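Fair warning: this is a prediction, and the values are worked out from it, not measured in the lab. Counting begins at 1 with the first residue of the sequence.
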Amino acid sequence: MTKRRLPRPAELAEILRPRPIVLDPTERRLRRAQTIADLRAVARRRTPRAVFDYTDGAAEMEDSLLRARQAFRRVEFNPNILRGVSDVDTSTTVLGQRSELPFSFAPTGFTRMMHHEGERAVVRVAQREGIPYALSTMGTTSIEDVAEEAPGARKWFQLYVWRDRAAGEDLMRRAEAAGYDTLMLTVDTPVAGARLRDIRNGLTIPPGLTLRTFADGAMHPAWWFNLLTTDPLTFASLTTSGGTVAELINRMFDPTLSYADLEWVRRSWPGKLVVKGIQNVDDARDVVKAGAEAVLLSNHGGRQLDRAPTPLELLPAVLDAVGDDAEVWLDTGILSGGDIVAAMAMGAHNCLIGRAYLYGLMAGGERGVQRCVDILRVELVRTMQLLGVRRIADLRHTHATLR
Ligand SMILES: Cc1cc2nc3c(=O)[nH]c(=O)nc-3n(C[C@H](O)[C@H](O)[C@H](O)COP(=O)(O)O)c2cc1C
């Protein structure tokens, strides 16, 4: 028989530790989020369905994205022990400049649709954290406004080649004048991918008020209020808008895009050049020969070709082919600091994240993007410590393999 007694008040006082009440609901939600998946769950509740799906979704069966994420789950880490890992340095060098973390913010279009703070919020976090930010051609804040918002941030400009080449040259000139040091040319979008969720949701840019979106508005009043009471949601660099995303891409983008255009961009842009959307070894080798300083292995977050190659699986062969001639970067499917450690151990020179920070943005604007970086940093540092590694440069192929 268990002998029972009444607890003494002093004993109770010792274990009673009420947590401080956080009154701000956004702050409360963000603090509770421990992973990017948690941020995604908050984002889903906070934004209209069509907006969340536009961000979260990919093309057709969404296998490109699914497989890229699964590849990270197949990583097996091989740790070293007894290495003294009390202080960890997460910094790297990306195209000749220091970055405080081994990842950068990928270019994403319509960022003010996810949250009214949009690109400004993201570039401010980039500045604070000492990591690069890539502004998209499809951005909703201008090249100059982004530069002014965060003069100390390292900024890159992502270019889509339009039918109107003169407009492209103008954008490159403006980006250079505003201090962007790297151009990221996206080459995986000769035509729009089939993002079925957007078609089913009837998403238009800017979002239109239909009976369905009106009903949804009742569930997300803050989002609609912000949309209607801040600067109209328009593209900052495009002269056209209206219709679905696919209609817009197919109207503006040039499907004749070829190596001649890459040469034209190389001639027109005096800074560093990264080609984004490389999906095989020969193309990687060829764009480096054509003057790219880095190749970004990416299937556009699974938003273009479905059943596309998985960047993490492609990485070793491209590293072999390119050697020391260019940096090899990687994106698509990154959802944790451990994913980034794995890619860096397997030889990537830099990683980009897209949805991870957009989930944060949708969950809580700038504070949400900051939370995303904080989560990734904690995961990154812990994974490095458990691997027995103190510097990014000390990560080796032997630390991570694909099962
Ligand atoms: C909502 C959204 C919009 C995007 N817009 C662009 C864009 O305008 N230009 C571009 O080159 N890539 C764009 N991308 C692709 C990202 O730059 C990046 O390749 C991708 O998000 C990486 O995959 P991840 O989301 O799994 O991190 C977009 C991605 C998302 C999710």
Side-chain angles (χ1 to χ4, degrees), residues 36 87-108 119 121-136 146-147 149-158 175 178-184 271-276 292-298 311 315 319 322 324 326-332 334-358 360 366 369-385 387 389-396 399-400:
I36 301 300
D87 28 277
V88 166
D89 177 0
T90 58
S91 68
T92 52
T93 304
V94 180
L95 289 179
Q97 287 188 42
R98 184 182 164 99
S99 175
E100 295 303 326
L101 291 159
F103 62 88
S104 317
F105 291 135
T108 56
E119 288 88 354
V122 188
V123 78
R124 271 200 299 264
V125 176
Q127 175 170 266
R128 198 178 303 133
E129 293 295 332
I131 62 176
Y133 170 68
L135 174 67
S136 163
V146 165
E149 189 68 40
R154 184 178 189 190
K155 289 168 292 287
W156 301 337
F157 185 68
Q158 177 266 323
Y180 291 58
D181 67 71
T182 297
L183 189 84
M184 193 177 267
K272 304 274 193 211
L273 177 65
V274 183
V275 179
K276 176 175 189 281
E293 275 104 357
V295 292
L296 172 49
L297 308 186
S298 166
L315 180 62
L319 284 166
V322 166
D324 294 332
E327 292 189 1
V328 181
W329 303 357
L330 178 144
D331 79 18
T332 303
I334 292 174
L335 288 175
S336 74
D339 295 347
I340 295 167
V341 172
M344 299 301 284
M346 289 174 68
H349 298 93
N350 185 30
C351 293
L352 274 79
I353 55 165
R355 291 181 186 81
Y357 80 80
L358 292 176
E366 180 175 345
V369 178
Q370 183 64 53
R371 184 78 189 128
C372 159
V373 174
D374 292 343
I375 289 171
L376 293 178
R377 186 194 3 254
V378 166
E379 292 172 340
L380 206 117
V381 168
R382 187 181 55 233
T383 307
M384 286 173 68
Q385 288 174 310
L387 276 177
V389 173
R390 286 176 44 218
R391 297 182 322 141
I392 297 287
D394 294 339
L395 285 166
R396 294 275 168 274
H399 287 120

- Query: Who passes ring pair (Phe, Tyr, Trp, His ring centres under 6.0 Å) against Tyr357, sequence neighbours left out?
  - Reply: Phe105

- Message: Measuring from atom CZ of Arg390 to atom CG of Leu387, what distance do you get when rounded to the nearest 0.5 angstrom?
- Response: 14.5 Å

- Query: Minimum heavy-atom separation for Thr332 to Ser298, with atom names?
  - Reply: OG1-OG, 3.8 Å

- Please name all residues satisfying salt bridge (charged side-chain N to carboxylate O under 4.0 Å, His left out) with Asp89, sequence neighbours left out, ordered by chain then number. none

- Message: If the test is side-chain contact (heavy atoms from CB on, under 4.5 Å), which one of Ile334, Val373, Leu335 qualifies with Ile353?
- Response: Ile334

- Item | Pair Gln97-Asp181, side-chain contact (heavy atoms from CB on, under 4.5 Å): steps then yes or no | CA-CA 10 Å; Gln97 287 188 42; Asp181 67 71; 3.8 Å; yes

- Message: I'd like to check the side chain to side chain contact (heavy atoms under 4.5 Å, CB included) partners of Val378; sequence neighbours left out, ordered by chain and number.
- Response: Arg382

- Message: Checking Ala150 now: which residues fulfil side chain to side chain contact (heavy atoms under 4.5 Å, CB included) with it, not counting sequence neighbours?
- Response: Val123, Gln127, Ala153

- Distance col, row Leu95:CG vs Arg154:CZ, nearest 0.5 angstrom, shows 6.0 Å

- Message: Quick check for you: to the nearest 0.5 Å, what is the distance between Leu135 atom CG and Gln158 atom CD?
- Response: 8.5 Å

- Message: Under 4.0 Å between a side-chain nitrogen and a carboxylate oxygen: does that hold for Arg128 and Glu366?
- Response: yes

- Message: With heavy-atom distances below 4.5 Å as the criterion, would you say the side chains of Glu129 and Asp374 are in contact?
- Response: yes

- Message: Going by the rule side chain to side chain contact (heavy atoms under 4.5 Å, CB included), which residues pair with Thr92 if we only count those two or more places apart in sequence or in a different chain?
- Response: Val94, Ser99, Pro102, Met344, Ile392

- Message: So, applying side-chain hydrogen bond (donor to acceptor under 3.5 Å, both in side chains) with Arg124, which one of Gln370, Glu149, Glu119 is it?
- Response: Glu149

- Query: Do you know which two heavy atoms are closest between Pro132 and Phe103, and how far apart they sit?
  - Reply: CD-O, 4.3 Å

- Query: In Å, rounded to the nearest 0.5 Å, how long is the span from CZ of Arg377 to CD1 of Ile340?
  - Reply: 11.0 Å

- With sequence neighbours excluded, residues passing side chain to side chain contact (heavy atoms under 4.5 Å, CB included) with Ser336: Asp339, Glu379

- Query: Where is the tightest heavy-atom contact between Leu352 and Pro107, given as atom of each residue plus distance?
  - Reply: CD2-CD, 4.2 Å

- Considering non-hydrogen atoms only, spot the tightest contact between Val88 and Val389 and give its length. CG2-O, 4.1 Å

- Item | Closest approach of Tyr133 to Ala126 (non-hydrogen atoms, all atoms of both residues) | CB-CB, 3.8 Å

- Query: Atom CG of Leu273 and atom OG1 of Thr182: how far apart are they, to the nearest 0.5 Å?
  - Reply: 9.0 Å

- Message: Pair Ser104, Trp329 - check side-chain contact (heavy atoms from CB on, under 4.5 Å), show working.
- Response: CA-CA 10 Å; Ser104 317; Trp329 303 357; 5.8 Å; no

- Query: Rounded to the nearest 0.5 Å, what separation is found between the CD atom of Glu327 and the OG1 atom of Thr93?
  - Reply: 8.5 Å

- Query: Considering all heavy atoms of both residues, which atom of Gly271 and which atom of Glu293 are nearest to each other, and what is their separation?
  - Reply: O-OE1, 4.3 Å

